[in-house]
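Notes follow once the structure below has been shown.
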Number of protein chains: 2
Amino acid sequence: MKRPTIHDVAAAAGVSRGTVSRLLNGDKYVSPAARVAIERAISETGYVVNRAARSLVTQRTGSIVMVLSEPHEKLFEDPNYSTTIRVAIRMLAERDLSLVMMLAGDEGDRERVVRYVRGGHADGVLLLSTHAGDPFIDALRSGPPAVSCGAVIGSEGVIPYAAANERLGGRQMTEYFVNQGRRRIAMITGPMDTPGGIQRLEGFADVLGRKATKKLIAHGDWTQASGERAMTELLARTPDIDAVFVASDLMAAGALAALRAAGRRVPDDVAVGGFDDSSVALSTHPPLTTIRQPLAEVAQETVRLLLALIDGAEHVDPVILPTELVIRESA
Amino acid sequence: MKRPTIHDVAAAAGVSRGTVSRLLNGDKYVSPAARVAIERAISETGYVVNRAARSLVTQRTGSIVMVLSEPHEKLFEDPNYSTTIRVAIRMLAERDLSLVMMLAGDEGDRERVVRYVRGGHADGVLLLSTHAGDPFIDALRSGPPAVSCGAVIGSEGVIPYAAANERLGGRQMTEYFVNQGRRRIAMITGPMDTPGGIQRLEGFADVLGRKATKKLIAHGDWTQASGERAMTELLARTPDIDAVFVASDLMAAGALAALRAAGRRVPDDVAVGGFDDSSVALSTHPPLTTIRQPLAEVAQETVRLLLALIDGAEHVDPVILPTELVIRESA
DNA sequence: CTGAAAGCGCTAACAT
DNA sequence: ATGTTAGCGCTTTCAG
């Protein structure tokens, strides 16, 4: 049989469609009697609201789009997405909002996202790992509320966000090395158009000051291979380093391999610090001393900001959460 | 200004709404002249179709729901999801279908999914890592087409699927050990209500026959910690093992830690084989010899099956893709 | 507190 | 090949 409509429910309950609709939408003006009759009718008929019809009249869609800006191949390497996705789905489900996922890895993708959002197909936008100067930030300004999980470099004032205090994390690791008595501390950063790339380095520089010279800094792109490459480069350039702060656990795993190949013992000869406290941090040998980011909380706050905006807040402030040093065996 | 409707486009192009609609829906009966005028009008007005309105009349929603059945905490540990998600988003986007994500980790979640699907909010269902006897398999039978990425144990005839040939993978690794001259080969399996848990063990048993005794088999739950635990147990139970096939790379990382703690050298004393060829396989020491699953192809085939069903296919056959042995240093 | 009625924007069947 | 029109199922005034 066809799916029941609000009309069927109204008929079964002996009221008008309007009354059923009012109940469904939490309007207070429904008599107890009507309420009971309608609720019974709903469960008897197995009625489920037709979102398309509702959407057509309310002009809201009941869905939020999550935009993954990472180039496709790398999506695979990042251990952080699943937490964010999981938290977002949960929180949105509570509000009866569904989460639709889109990719924004190349120009075609991005255009699709813009069309989708401007076409009014989503009530809000959740940005993930958006890079500096991403052209479509502007395109989103005229649409529904957008927030980012992690700062959008260069658009911090435009797109509200929640993020871990990455700079603090950088400081925590670097201070730990200093307190351990390490003298030549190097760093392998992430891409310099991402907050994690920039701010972890800032924290490093905060502590080391002028000792943080160019020679001690190499850049990676978050992949393990890039960490290995950067470490090799660092070793060639400055053989006497006794500690290295790597901006992600995955890259740190690569650095570990390079150190092993070079015959350096970890942590005896060189201390290695990672970032993320992801699952790789435990599978390396030795297990990584790293910085834990409150990922779940960051995701939670991001969604909270978005919901506040959807509920009509004019303005929300960024939320920045502290990181934490996790000591294991690599440093 | 308000978003333009099909009416505005029709007016701007000097044709009727029906003609615009026909063009939009690929109907062949549109004159070249009208076509040009309409296309110009569309780009001038910035028109984007209102999916809700379309959905209301076509009874299709333009979205596919992906259901993640893994209990929440574990979602985090599995390195395979992102590939599947990425491939699915891509392929669906080409058909202008959007991907909505739902969790089915607990009873409440599952009920939500069933309501959603039966409420007609999706044109198709994509199941991920559904466990044996998952109660809501039945609930899905009356709704839109559903397919699974990976077999659904116990419902292989009910839910079409694409999957890697996990049993073959189990055979490949075990044969490799045998050919290497290993004599006491143990196995750490995944959960026995998942295809990966069952079939990788079947492959192991295919090769070893009656030599695959209970004493040589321990069970894990895909987590690294469980791999470590199972390895310790195996070592206590059968100290003379010289090879172990671990059903996932992550668990293998745990096994490696247990072997190191027990003072066994890998691969000299004990060969270790993983499964998945995930990123951890490269970050362990030594890097893991493992089985590669054609994840992207599996995801692709899964989506293809779903699309075929949506397009009206009465029946589709399961697709099973071969795995491949990847030799590194752990065996 | 409730019923009636007017659309929301679109597709598809029917005319022409 | 194209215009006209009848809804799709719902929310939301507006009366009462």
Side-chain angles (χ1 to χ4, degrees), chain A residues 1-39 41-42 45-63 96 115-116 118-123 144, chain B residues 1-39 41-42 45-63 96 115-116 118-123 144:
Chain A
M1 193 196 95
K2 270 179 55 64
R3 240 201 320 285
T5 72
I6 200 173
H7 186 90
D8 302 317
V9 174
V15 299
S16 75
R17 308 207 298 280
T19 304
V20 176
S21 176
R22 276 186 281 269
L23 176 67
L24 255 27
N25 293 285
D27 188 308
K28 38 185 140 291
Y29 300 114
V30 180
S31 66
R35 181 178 300 271
V36 180
I38 295 169
E39 271 159 2
I42 287 178
T45 54
Y47 171 75
V48 178
V49 64
N50 179 323
R51 291 174 147 229
R54 168 181 288 173
S55 180
L56 191 53
V57 36
T58 60
Q59 306 280 36
R60 274 172 286 110
T61 64
S63 63
D96 214 26
R115 282 186 70 74
Y116 193 86
R118 307 196 71 157
H121 302 323
D123 298 341
Chain B
M1 194 194 97
K2 268 179 59 60
R3 239 200 325 280
T5 73
I6 199 173
H7 185 91
D8 302 317
V9 174
V15 298
S16 75
R17 306 206 302 279
T19 303
V20 177
S21 177
R22 275 186 283 272
L23 176 68
L24 255 26
N25 293 285
D27 187 308
K28 39 185 140 291
Y29 301 112
V30 179
S31 68
R35 179 179 302 271
V36 179
I38 294 169
E39 272 159 1
I42 287 179
T45 54
Y47 171 76
V48 178
V49 63
N50 179 323
R51 293 176 145 226
R54 169 181 286 172
S55 179
L56 192 53
V57 37
T58 60
Q59 306 282 33
R60 274 172 285 111
T61 64
S63 63
D96 213 28
R115 282 185 70 75
Y116 193 85
R118 307 197 70 159
H121 302 322
D123 298 342

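Below, each value reflects all heavy atoms present in this structure, side chains not excepted, and no hydrogens, waters or symmetry copies. Keep in mind that this is a model prediction, so the values were computed, not measured. Just so we're on the same page: letters track the sequence lines, and every chain starts at 1.
- Taking side-chain N and O atoms only, Thr19(A) has no distance below 4.0 Å to OP1 or OP2 of dT2(C).
- If you measure from atom CZ of Arg35(B) to atom C1' of dT2(D), you get 14 Å, rounded to the nearest angstrom.
- Separating the CG atom of Leu23(B) from the P atom of dT11(C) is a distance of 11 Å, rounded to the nearest angstrom.
- Looking at heavy-atom distances under 4.0 Å, Ala52(B) makes no contact with the nucleic acid at all.
- In the set dG3(D), dC1(C), dT11(C), the nucleotide with an atom closest to the side chain of Ser31(A) is dC1(C).
- The side chain of Asn25(B) sits closest to dT11(C) out of dC10(C), dT12(D), dT11(C).
- Taking atom CG of Asp8(A) as the reference point, atom C1' of dC8(D) lies 14 Å away to the nearest angstrom.
- Toward the 5' end of DNA chain C, the nearer of the two residues Tyr29(A) and Arg17(A), judged by each one's closest nucleotide, is Tyr29(A).
- The 5' end of DNA chain D is approached more closely, in terms of each residue's nearest nucleotide, by Ala33(B) than by the other of Arg54(A) and Ala33(B).
- Checking the phosphate oxygens (OP1, OP2) of dG3(D), a side-chain nitrogen or oxygen of Ser16(B) falls inside 4.0 Å.
- Scanning all heavy atoms of the two residues, the minimum distance from Leu56(B) to Ala53(A) falls at CD1-CB, 3.5 Å.
- A donor-acceptor contact shorter than 3.5 Å is absent between the side chain of Thr19(B) and the backbone of Val15(B).
- Side-chain proximity of Val30(A) to dT2(C), dC10(D), dG9(C): nearest is dT2(C).
- Put simply, the side chain of Ser55(A) gets close to the backbone of Arg60(A): a donor and an acceptor are under 3.5 Å apart.
- Asp8(A) approaches Arg3(A) most closely through the heavy-atom pair OD2-O, 4.3 Å.
- If you take CG on Leu24(A) and CD on Glu39(A), they are separated by 10.0 Å, rounding to the nearest 0.5 Å.
- No engagement by Arg51(A) is indicated, since no non-hydrogen atom pair under 4.0 Å with the nucleic acid exists.
- Within 3.5 Å, a donor on the side chain of Arg22(A) pairs with an acceptor on the base of dG3(C), or the reverse.
- Taking CD1 of Ile6(B) as the reference point, atom OH of Tyr47(B) lies at 4.5 Å (rounded to 0.5 Å).
- The interatomic distance linking Asn50(B) (CG) with dC8(D) (C1') rounds to 13 Å, in whole Å.
- Atom CG of Leu24(A) is separated from atom P of dT12(D) by 11 Å (rounded to the nearest Å).
- Distances were taken from every side-chain heavy atom of Leu56(B) (C-beta onward) to each of dC10(D), dT11(D), dG9(C); the shortest belongs to dG9(C).
- To the nearest angstrom, P of dG9(D) lies 13 Å from NE2 of His121(B).
- The CZ-P distance, from Arg60(A) to dC10(D), rounds to 15 Å in whole Å.
- In this structure, the CD atom of Gln59(B) is 11 Å from the P atom of dC10(D), given to the nearest Å.
- Of the side-chain N and O atoms in Ser21(A), one or more sit less than 4.0 angstrom from OP1 or OP2 of dT11(D).
- The Val57(B) side chain lies nearest to dG7(D) when the options are dT11(D), dG9(D), dG7(D).
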